[in-house]
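Let me begin by presenting the structure, written as structure tokens, before commenting on it.
Lettering of chains follows the sequences in order, A, B, ..., and the numbering in each one begins at 1. Quantities reported herein were computed from a predicted structural model and do not represent experimental measurements.
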Amino acid sequence: MRAGRLILYVVLIFLAFVYLLPLWSAITTSLKTGKQVTMTTPIQLVLPPYFGAYKTAFSELRKPILNSLLFTTFATIFSVMIGSITGYALSKLLKGSTSKKLLMFITLGIFLPYQSILIPLLRIITKLGLYNTIPGMILTHTAYGVPITTLLFTNYYHEVPDELIEAAKVDGASPLKIYTSVVFPISIPAFVVTAIYQFTNIWNDYLFGVVLTRGEEAMPATVKLANLKGSFVANWNIQMAGALIVAIPTLFIMIVLGKYLIRGYTSGAVKG
Amino acid sequence: MAEVRLINVWKRFGDVIAVKDMNLEVRDGEFMILLGPSGCGKTTTLRMIAGLEEPTKGQIYIGDKLVADPEKGVFIPPKDRDIAMVFQSYALYPHMTVYDNIAFPLKLRKVPKQEIDRRVREVAEMLGLTELLNRKPRELSGGQRQRVALGRAIVRKPKVFLMDEPLSNLDAKLRVKMRAELKKLQRQLGVTTIYVTHDQVEAMTMGDRIAVINQGVLQQVGTPDEVYDKPANTFVAGFIGTPPMNFMDATITEDGFADFGEFKLKLLPDQFEALEDGGYIGREVIFGIRPEDIYDAMFAQVKIPGENMVRAIVEIIENLGSEKIVHLRVGRITFLGSFRAESKVKENQEVDVVFDMRKIHTFDKKTGKTIF
Amino acid sequence: MRSKLREESLYSLLFLTPAIALVLVFVYFAIAWNVYISFTDWKGLIPSYRFVGLENYRTLFHDPVFWTSFRNNIILIILFVPGSLFIGLLLAVLLDRKIKFENGFRTIYTLPFALSFVVTATLWAWMYDPSDGVLNTLFSMLHLDFLKSNWITDPHVALYAVILALIWQFSGYTMVIYLAGLRSISTEQYEAAIIDGATPLQLYRYVIIPQLKKPTLSAFVVLMVFSLKAFDFIWVLTSGGPGTSTFILAVEMYKETFAKTKFAYGASIATILLLLSFAIVLPYLYWSYRGEKE
């Protein structure tokens, strides 16, 4: 039994190394000069670290990161708010088959391969004059975030006992009042989970960004990072520094708020 | 204060008829129990009075006000019915303190702050919650939560209290205590109360009157004594009382006996007369007698004509301490007797049992309705 | 006077309008429009809606690149989906044994899934770099030279290299799904099986794994749909190359549409993708919504 446990831990630690290897070599490489990258193995950490690669990468990524932060924050807020009121209406105001059909109608969008709406999306956004703009990105990410946020909130509100809503009704609250003073306060956990989930998803997106933006006015960090590959071919230290800079928000979320993100994945969630 | 009236009320859910042609009048200040097995329509009835469900047909009045009549298109929402409801799960708002939970219905009605404070404290005092006002529901015991739910109902001073099995989530001991407290509180406040339960002990001990419901149909309305002593049909007779009433098929003979095949019992003259008037002579009826009206002959307190003593075999004895529930058999006929603790009966032995003929019931075999 | 009903439906309408409007326009209307475009001759940057019927589809089915993409997509599905499920299950079973630092291990294994595909593609470009890259250097150091490869620059290896990296990224996700499934099985069942004399292997084989049907199915659908729309990672890592060796349908769709501006042709590929994913998703949705009813 003891030996078995030991083997188990050895396996787990070995796997941890395997899973961390790409990240580890990115960290070591990002802290080297171009010369050191070719002279040393990617596994080795060179001391003292060299921060030049970060400086270069950051100066390239500064504006796109601000863009990403801006539209990700707003699209997260909007998609979560809409998901919450929709979930409330579907689970507590409407009952029976109407609500089920509507839920299915909305959540089908979760499984949509975005390629199949990409051309019309580009047309719609262009027609609205939102091509290559932050509002365009916010609108797009809100629209395609609503199916999953609706599903997450509907599932959460199904767990809220109907009696609680009925008690508020008997106490004299209107549906709006029930939402603001009963449903909203008790769904803070769902807001945290859904917001974190949405933030990661939107931050990580590439496809919408590459199709709907062109210049730096609205270009997301992920698109800029992909472009760095072309402009800094074989400058692995700069590429790795760029990748890590773009990864920071989601790495932070995973390490600090991982349990909420995981709750998002497990309650019927999908990655784009 | 108000009376509540249901007139020919129906409720259908798809193909299922939950409540069928219900006529019920709850008097002003009365404690009315809606009693029945689960799924009988009692909760649906309560929810229609609350305004959480709309009747399919019929009228509901609270006081003089028509609150629901689908034919006239009348439907007053719960918040305008001046009712308060206590739910089975209490439905306390988990994010609010006890104080805020009780104050919530007043806040929604825009009662001035000082008035709210005064009333919340008054109610808290009445229910012994003063010390707990700043706690959240999750920090309370089951009994305390129950009181908060009551407090939230009382604070409004509504015309009618509606309670849906409010004690069923408490443990047995607390339930007995809360039964008495709730009854006392209701007397003190004098508010018309409609209380749903499936527990006949609760119904018997708390209600001024009981409405027994089965399969969506109102079976009988009466005081606890009335439904116990004069059940309207076999359902009420069998549902109320533990252990339940014994039912046996008997043929009424011309010479005034109830003939069970294995044995006969002599009917009292007025009983025979009643059966004769109903045309039951020579026909089969359902004969009912409660276990406590069957005695061990050695301890019988009733004067008996000799012919109403029967020799039975004791199959099983459930000793409850204060009494013994004895499973008896005569030939193919089995029935329960509730014997005094002193009874010396033993399993697999024979015993002489006496039927107290003054306490018997008879029911029509086809309809199940009471003959007498 | 029917104020309850009117009030509630009024509010439902109010609350549902934003979501329904967005989904209607951006999902259903957009899908219909895309299908319509696939029946036109739109080429170049100016939209043209001249109806050409099934012309694009006819061209598509005679296009060898389409069939290469299709074949690669099938290989991707066959290896990536079961691979991710199996490794995720393995990780979950290993972690479900009252491990110390369970949270730490779980975070490490799930970390890749929280990253953008662009980030992971950049990291794996370095991993797979044939000259100085991480893997080849590592294998040299460990004297495992037979494992060295040209990875994503070798057309025979590139697709499998992509699949390996994707399994690395997704196995943390399937692990989390399985772990939640394992945790929902009551400990009494474990205890009962042990009392019945089951070995740990039998315990998993006969008691635990059969109860993981639901998480397996939902992860399966997610992975399948991802395999169809996977684009970011492959596009950034290989751009479909070398040659067309890592082309899949989503990559081909992007290239035809936005690099060659053959919009109508791209739309027809997109429509095929849509049909394929609905073929997977609709039975699943039907099954799961029906399951709820029961």
Legend entry - B:Lys183 (side chain) donor-acceptor with B:Met206 (main chain) under 3.5 angstrom: yes
Legend entry - Under 3.5 Å donor-acceptor, B:Gln144 side chain and B:Ser141 backbone: yes
Inset, instruction - Using a 4.5 Å cut-off on heavy atoms from C-beta on, say whether the side chain of B:Glu3 contacts that of B:Thr192. - result: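 Side chain of B:Thr192 against side chain of B:Glu3, heavy atoms only: no contact under 4.5 Å found.
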Inset, instruction - Check whether any side-chain heavy atom of B:Leu182 lies under 4.5 Å from a side-chain heavy atom of B:Leu150, and answer yes or no. - result: yes
Under 3.5 Å, what donor-acceptor pairs does chain B form with chain A?
| unit_1 | atom_1 | unit_2 | atom_2 | d |
| --- | --- | --- | --- | --- |
| B:Arg47 | NH1 | A:Glu166 | OE1 | 2.8 |
| B:Arg47 | NH1 | A:Glu166 | OE2 | 2.9 |
| B:Arg47 | NH2 | A:Glu166 | OE2 | 2.6 |
| B:Ser89 | N | A:Glu163 | OE1 | 3.0 |
| B:Ser89 | OG | A:Glu163 | OE1 | 2.2 |
| B:Tyr93 | OH | A:Ala168 | N | 3.0 |
| B:Tyr93 | OH | A:Asp171 | OD2 | 2.9 |
| B:His95 | NE2 | A:Ser181 | O | 2.8 |
| B:Arg109 | NH1 | A:Asp171 | O | 2.4 |
| B:Arg156 | NH1 | A:Val170 | O | 3.4 |

Legend entry - Interface moiety of B:Phe104 toward chain A, non-hydrogen atoms closer than 4.5 Å: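 The side chain, not the backbone.
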Legend entry - Residue part contacting chain A, namely of B:Leu162, when any heavy atom lies under 4.5 Å: neither
Legend entry - Check ion pair B:Lys113-B:Asp117 (N to O, under 4.0 angstrom): no
Legend entry - Between B:Tyr195 and B:Gln186: side-chain donor-acceptor atoms closer than 3.5 Å: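 Absent: no donor and acceptor within the cut-off.
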Inset, instruction - With sequence neighbours excluded, tell me which residues meet side-chain hydrogen bond (donor to acceptor under 3.5 Å, both in side chains) with B:Glu181. - result: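 side-chain hydrogen bond (donor to acceptor under 3.5 Å, both in side chains) list for B:Glu181, sorted by chain: B:Arg147.
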